[in-house]
Amino acid sequence: MWICMLGPSLVAGLTSHIEAFRVMLPGLWLMALSPLSLVLSPGVASAACWVTLMSVGEVIWSPRQSAWVASLAPEGREGIFLALLSLKSLITTIPSNAFNGLLNAAFNPNCEVCRDKLGHFCDTPSAVDNHATCVSPKIVCAGRGFSPALTAANLSSLHCPASCRECTGWKGEPRLMWLVVLLTSVSSPLMVACTLPYLRGVPRAVGAGRRNSGRRPPDLTK
C-alpha cells in the first residue's frame, strides 16, 4: 500500500527529465512479467513476490502515462483527456472480473466438500458423537455435502484440510492458470513496443522525409 501511495510522486519527480516511454515501457514489462514467480512455483512467497513486482511496475509507468496523456491534449483540455484515461478502468472492470472467474473455475475450482456454506474450511479436528470429525468455526463438517475423508474413527487418523490443495479428491492446475495470466499481461507491453513510433508521434513517413531532407532536389531545367 505504501508503495502505491508514495511511489508515483517520487517516480514522476525523479524521471521528469526522461522521455515518457523510456520510463513507461520498463515499468510495463516489470508488471507484465510479475506472474512468472507463480508460474514457476505457486505459493505464498511467490504471491508476495508477484504483488511486490506488480506494484513497483505500476508505480513506474502509471504517473508517466498520466503526464503523457495530458501532453497530448490541447491547451486547457487536459482534464477531459485525463477523464477519458480514467474511463478505461470503468470499462474493463466487468470483463476483467468475468475473466478472473472463468480462470478460477477452470483451473482453480472451489472445494465445496471441504468447506461450510460460509466458505470456512473444515480445518479443526474434533470428537463428535464418538467419532472424529473435522469442524469449521461454525458447523460440524459431516454428512451430506461433505467429503467422507472429514470423518474418521479416531483423531490420530483424521486430516482436516486448511486449503483446497489439502482437500481429498481436489484437483487444480494453478501453474497453467498463472501461465494464461502471464501471456495475457505480456500482450500489453508487446503492443506498446510494436506501436512505439506512432505513440511517440514519429510516423515512418515523417522519418523517411527527415532522412531524405538532406538530399539535393533534382534539376528540372535540364
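Please read these numbers as outputs of a predicted model, since none were measured by experiment.
- Scanning for ring pair (Phe, Tyr, Trp, His ring centres under 6.0 Å) contacts around W170 gives an empty result, with sequence neighbours left out.
- Between the side chain of N100 and the backbone N or O of S96 there is no donor-acceptor pair closer than 3.5 Å.
- Between V140 and S126 there is no side-chain heavy-atom pair separated by less than 4.5 Å.
- With hydrogens and angles ignored, the 3.5 Å screen pairs no side-chain donor or acceptor of S46 with any backbone N or O of L38.
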(request) Evaluate side chain to side chain contact (heavy atoms under 4.5 Å, CB included) for F107 paired with V181, printing each intermediate quantity in order. (result) CA-CA 12 Å; F107 303 112; V181 173; over 6 Å; no
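- Residues M31 and S62 fail the side-chain proximity criterion, which asks for heavy atoms closer than 4.5 Å.
- No continuous path of hydrophobic side-chain contacts links L102 to L179 [ILVMFWY only; heavy atoms under 4.5 Å].
- Sorted by first then second residue, the disulfide bond (SG atoms under 2.5 Å apart) pairs that include residues 13-52, not counting sequence neighbours, number zero.
- The SG atoms of C134 and C141 sit 2.5 Å or more apart.
- Closest non-hydrogen pair, C122 versus F146, comes out as SG-CE2, 4.0 Å.
- In this structure, R115 and C164 approach most closely via the heavy-atom pair NH1-SG, 4.4 Å.
- Inter-residue side-chain proximity for L196 and L25 is flagged as met; some heavy-atom pair is nearer than 4.5 Å.
- Residue H120 qualifies as enclosed at atom NE2: its count of foreign heavy atoms under 6.0 Å is above 12.
- The only member of I94, N104, T184, T92 that meets side-chain contact (heavy atoms from CB on, under 4.5 Å) when paired with F99 is T184.
- Of all the heavy atoms in S185 and P189, the pair that sits closest is O-CD, 3.2 Å.
- Separating the CG atom in L30 from the OG1 atom in T52 is a distance of 10.5 Å, to the nearest 0.5 Å.
- The shortest distance between side-chain heavy atoms of L33 and V186 falls below 4.5 Å.
- Looking only at side-chain heavy atoms (C-beta outward), P161 and L150 come within less than 4.5 Å of each other.
- With values rounded to the nearest 0.5 angstrom, K171 atom NZ is found 15.0 Å from N108 atom CG.
- In this structure, E112 places its CD atom where only 12 or fewer heavy-atom neighbours from other residues, nucleotides or ligands lie under 6.0 Å away.
- When every heavy atom of R175 is checked against every heavy atom of S41, the shortest pair comes out as NH2-CA, 4.3 Å.
- Side-chain contact between C111 and F121 is present, with heavy atoms from C-beta onward closer than 4.5 Å.
- A chain of hydrophobic side-chain contacts below 4.5 Å, direct or via other Ile, Leu, Val, Met, Phe, Trp or Tyr residues, connects L40 to L183.
- Rounding to the nearest 0.5 Å gives a distance of 7.5 Å between OG1 of T195 and CZ of F21.
- A distance of 9.5 Å separates CD1 in I60 from CG in L28, rounded to the nearest 0.5 Å.
- Under a hydrophobic clustering in which Ile, Leu, Val, Met, Phe, Trp and Tyr are joined whenever their side-chain heavy atoms come within less than 4.5 Å, directly or via other members, L182 and L190 fall into the same cluster.
- Between A162 and D123, the shortest heavy-atom contact is CA-CB, 3.9 Å.
- Hydrophobic clustering places V51 together with W178 (ILVMFWY residues linked when any side-chain heavy atoms are closer than 4.5 Å, directly or through intermediates).
- Smallest separation of non-hydrogen atoms from S136 and D116: OG-OD2, 2.7 Å.
- Tracing side-chain contacts under 4.5 Å through hydrophobic residues (I, L, V, M, F, W, Y), one reaches M24 starting from V69; they form part of the same cluster.
- Shown here are the ring pair (Phe, Tyr, Trp, His ring centres under 6.0 Å) partners of W61, two or more places apart in sequence or in another chain: there are none.
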